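Inspection log for the structure reproduced underneath, given as structure tokens.
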Amino acid sequence: MKQQQVKLGIREYVCIAFLMIGMKGTEDTPSMLFSHVQNAAWMVPLLSGGLFFIPFFLLLKTLSLFQDKNVFEVIQQLLGKYIAFFVSFIIFIMNSYAISLDTRTYTNIIRAYYFTTTPRLVLYGILMVVCVYAAKKGIQRIGSISYILIFYVALSFFIAFWLSLDDSQFASIFPIWGPGKLELLKAAPSGLGLWGEFFILTSLYSFMTSFKDFRNGTWIAFGCVVIQLSLATMLFIALFDKGLVVIGYPFHVAIRYISLGEFLPNIETLFFPIWLSAAFIRFAAFLFINALIFGHLFKIKEYQYLIPSLATIYLLIGMIPETPNDVAQLKEPLRYIAGPTFAAISIILWLTAWFKGEFKHAKNKNNM
Amino acid sequence: MRKKNSLIKPLKILSKKLSTQPHFVEQSNQQEIEIKKQKISRNYKRNLETFKDLYSIPDNIDVKIREFTISSLNRRAFIIYLSTMTKLAYIQTGIIDDLVENKDPDRNIQDIVSHPLVRNVEVIEDILLGINAGSAALFVDGDNKCYLFDTVEIKSRGIEPPQNEVIVKGAKEAFTEKVIDNIALIRKKIKNENLIVEFKVISKRSRNDVFLVYEKDLVNSELLQTIKDKLESLDTDSISDLSILEQYIEERPRSFFPTLLYTERPDRAASFIEEGHITLLMDNSPSCLVLPATFWSIFHSPEDHYLRTPYGNFIRLLRVIALFVALFTSAFYIAVTNYHVGMIPPDLLMAIAGTRERVPFPSLIEVLMMELAFELIREAGLRVPSPIGPTIGIVGALILGQAAVQANIISPIIIIVVALSGLSSFIIIDVSFNFAIRMTRFLLILSAGFLGIYGITAVLIIGLFYLSSLKSFGIPYFAPMTPYFLSSKDLLIRHVPMKDRFRPGYLKPKDMVRRRKG
């Protein structure tokens with residue numbers, strides 16, 4: 001039998017998307033949201049998700065016209081060579097910035113909660129080495145492993161949240177509008193940054209079996225993640241209430257807080273490996289996509305070989321900030337810029353396609 | 001991939017240049033090869049000379065030549081055979097007696113001899129092949145062909161119960177060293193004319209042959225061709241056993257994990273053939289190879305299907321737990337006691353600390369020592385002559401366990417940990433997979449010693465990625481779970497047999513559906 005390239009199926013794609021974006025609920029995102037709109041933070045994922053839905057829907061609509069191309073090839077076709085390069089380059093830079101700081105955030109979490117005495121570079125280095133190995137195996141393998149792990153990840157999150165219910169006060173979500181409706185509406189656009197990864201994920205289209213799978217998979221993952229993020233934030237608010245302001249990584253505090261009956265008071269070590277595996281998958285996928293974009297930008301066909309060098313650069317960038325606080329501060333601008341940028345690019349793409357008459361063109365083609 | 005090759009290629013050439021093959025003097029047998037390529041002559045004397053020469057008679061004691069005259073035809077004849085591989089009675093009564101006692105001068109040889117004739121052969125090489133395989137060759141003066149008779153009878157042990165894949169419920173016969181019996185064992189289970197037994201010679205000097213067994217109307221022809229090509233491409237003097245052939249045809253012979261299924265149970269082989277797999281059999285090997293194999297086929301046991309559905313699933317879940325216990329118990333113990341002490345309930349922590357009080361070694365060394373001791377006992381238990389086998393168990397358990405604890409070399413909890421993980425590893429039925437688990441365990445122990453749970457998880461994820469990149473004749477290791485293929489979903493949990501509706505989709509069988517709905 002020929003060693004045919006196994007395509008990425010819808011299950012694997014949904015799992016990658018879920019692990020990549022759903023993991024945000026387990027890092028500093030919930031407390032970041034809380035710092036803006038207090039106890040209405042759980043609404044931000046819903047609102048910004050609703051807001052992001054529009055440009056994202058338009059983007060998928062545009063992509064559906066070019067069913068054999070991934071998002072960067074579409075950008076190139078619609079915006080011309082030079083502008084397309086510029087746009088793609090901005091996306092690449094934003095991604096690189098995000099991945100550097102995110103990996104650093106995860107290293108910080110590991111160091112703060114589990115390995116307080118281990119040098120940061122060792123923890124960070126191992127994280128990167130594993131991700132490079134995983135990313136080099138290709139997106140199909142990443143998908144396969146996500147599919148194998150997703151059950152355990154979901155189960156462990158569920159158990160963690162379920163155990164935390166004992167000490168939760170759901171009254172703390174009131175007043176329901178938090179600081180006020182207007183504040184909440186203002187916070188929604190800044191929450192767009194949460195969904196930036198979905199834009200990047202569209203570059204995986206060329207690995208998928210069909211456009212239908214891709215579209216359905218994206219919407220399924222989008223729905224799941226919006227609900228998951230919102231629910232996670234709500235549970236953290238119920239568990240910590242005002243305390244969430246000072247808690248950097250609520251998930252990890254939560255799994256330290258909960259206990260399994262009288263006998264096992266500290267069960268965070270049971271959740272840690274599963275969370276860590278999900279983190280490995282997340283960054284492996286992230287690395288792979290970044291290499292893909294880089295390969296597209298500079299016309300490098302064998303982009304897998306870029307992964308180790310890119311990872312090294314990200315590691316070096318990630319090592320720059322001195323403290324976790326610096327990381328949070330550096331992340332702040334990205335949070336405001338990334339979401340609107342992706343939304344803007346999506347709308348611009350759609351408009352260009354509209355003006356160029358690609359939609360009519362496609363319609364005519366279908367009619368013929 | 002191309003780029004990788006372009007990088008490695010110059011290196012390979014360089015290393016080839018540096019490591020030249022050692023020089024040795026070889027004796028040419030060109031002359032003999034030439035003789036073998038010729039056809040036999042009509043001349044009786046010359047044929048006799050040629051074969052006496054080729055078989056080094058009279059040095060070669062079990063090659064027998066019997067010369068006689070067929071009086072009715074008035075022609076000289078001789079018959080040549082290997083006395084150790086043939087049944088003498090066949091030759092005497094079925095061939096020679098018939099020829100000597102015949103009175104009718106008009107009948108030809110085929111009609112006179114009652115013993116079944118295999119074929120008429122002309123080329124010397126082919127005749128030699130026949131004789132070496134146990135046939136008797138009859139040469140008659142004036143004929144330009146030789147008659148080969150199937151007179152082979154090789155002694156072998158009878159069909160016995162399986163030694164390694166023991167089950168409680170289900171067939172209790174195993175393959176033997178005699179391939180004819182093995183094929184019969186499979187044929188007995190699949191009574192269908194589409195069951196094909198193909199034959200291929202794979203080595204040049206010993207001329208070992210492999211039998212491909214498959215169902216013609218199921219197997220994917222592309223897959224079959226790949227396997228045939230692979231067998232064709234082997235260029236070696238001798239492959240004496242199936243387990244050596246396994247290493248020749250595997251994609252990654254250095255990998256920890258097996259990608260072919262090696263089984264000694266004909267019922268298992270038959271059930272794989274019925275799914276569209278291909279099995280390889282060889283003479284002298286009491287087993288068969290099933291290809292391609294996935295993680296699941298290696299992990300499952302035939303008993304999962306023989307037992308009723310709930311019981312079958314129960315033992316399968318037990319096996320999953322055993323797999324995890326065998327892999328992670330020791331590593332987890334080290335990680336928890338060294339890095340995540342907070343996790344242990346205080347009472348238990350006190351107990352563990354109390355027993356470790358007088359032990360001078362770090363727990364990593366303790367575990368490694370005990371694991372090594374366990375592996376030693378295990379290996380020794382396999383190799384000792386059977387009368388003293390039980391003694392080894394007692395010595396192992398008593399001396400190494402009890403005494404080591406009393407001597408304060410290891411703490412008692414280590415014994416529990418190692419015994420648990422060692423015992424669990426026995427539940428993994430496949431020999432190769434068993435080794436893989438045992439070796440990976442050491443890797444995990446070391447990584448746990450290095451970085452606790454973080455190290456274990458890192459190795460686990462790398463391992464999972466490695467496993468998912470393994471392929472067995474183009475089929476991913478975790479198929480049909482991921483990448484997804486249509487199948488009857490017999491992975492961790494199996495359904496009732498009535499719901500087993502599809503053959504595994506990754507094989508792309510010609511007939512996908514086992515059982516139509518309704």
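All values derive from a computational prediction rather than experimental measurement. We name chains A, B, ... by the order of the sequence lines, and we start the count at 1 in each one.
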Under 3.5 Å, side-chain donor or acceptor atoms of residues 204-215 of chain A against the rest of the protein: list the pairs with distances, not counting sequence neighbours.
unit_1, atom_1, unit_2, atom_2, d
Y205(A), OH, Q67(A), O, 2.2
T209(A), OG1, D213(A), OD2, 2.8
S210(A), OG, D213(A), N, 3.2

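- When the options K136(A), K137(A), R141(A) are evaluated for a side-chain hydrogen bond (donor to acceptor under 3.5 Å, both in side chains) with S469(B), the one that passes is K137(A).
- The list of salt bridge (Lys or Arg N to Asp or Glu O under 4.0 Å) pairs with a residue in residues 472-484 of chain B, not counting sequence neighbours, is empty.
- Residues N266(A) and M343(B) share a closest heavy-atom pair of O-CG, 3.4 Å.
- Using a 4.5 Å cut-off between heavy atoms, I10(A) does not touch chain B at all.
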side-chain contact (heavy atoms from CB on, under 4.5 Å) between L149(A) and L464(B), intermediate numbers included: CA-CA 10 Å; L149(A) 290 178; L464(B) 273 178; 4.3 Å; yes
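- Highest contact tally toward chain A, considering only S468(B), S221(B), A479(B), is held by S468(B) [criterion: heavy-atom pairs under 4.5 Å].
- For a heavy-atom cut-off of 4.5 Å, chain B lies close to P273(A), L276(A), S277(A), F280(A), I281(A) in residues 273-284 of chain A.
- H340(B) pairs in a ring-ring contact (aromatic ring centres under 6.0 Å, His included) with only one of the listed residues (F115(A), Y114(A), F271(A), Y113(A)), which is F115(A).
- Looking at Y466(B), the atoms closer than 4.5 Å to chain A (heavy atoms on both sides) sit in the backbone and in the side chain alike.
- For OH of Y257(A), the number of neighbouring non-hydrogen atoms (other residues, nucleotides, ligands) closer than 6.0 Å is 12 at most.
- Contact count versus chain B (heavy atoms, under 4.5 Å) is highest, among I267(A), T118(A), I148(A), for I148(A).
- The stretch residues 102-111 of chain A places I110(A) near chain B, each with some heavy atom under 4.5 Å from a heavy atom of that chain.
- With a 4.5 Å cut-off on non-hydrogen atoms, I462(B) touches chain A through its backbone and its side chain both.
- Contact between I126(A) and F450(B) at its shortest, heavy atoms only, is CD1-CE2, 3.9 Å.
- At a threshold of 4.5 Å between non-hydrogen side-chain atoms, the residues I142(A) and F465(B) count as touching.
- Contact annotation for Y484(B): both backbone and side-chain heavy atoms come within less than 4.5 Å of a heavy atom of chain A.
- Two residues are said to be in side-chain contact when any heavy atoms from C-beta on lie closer than 4.5 Å; L127(A) and Y454(B) meet this criterion.
- Ranked by heavy-atom pairs under 4.5 Å with chain A, the list I461(B), T482(B), I453(B) is led by T482(B).
- Residues P476(B) and S144(A) are not in side-chain contact: their nearest non-hydrogen atoms beyond the backbone lie 4.5 Å or more apart.
- No more than 12 heavy atoms of other residues, nucleotides or ligands lie within 6.0 Å of NZ in K489(B), so this atom counts as exposed by the packing criterion.
- With a 4.5 angstrom heavy-atom cutoff, L460(B) does not touch chain A via any of its atoms.
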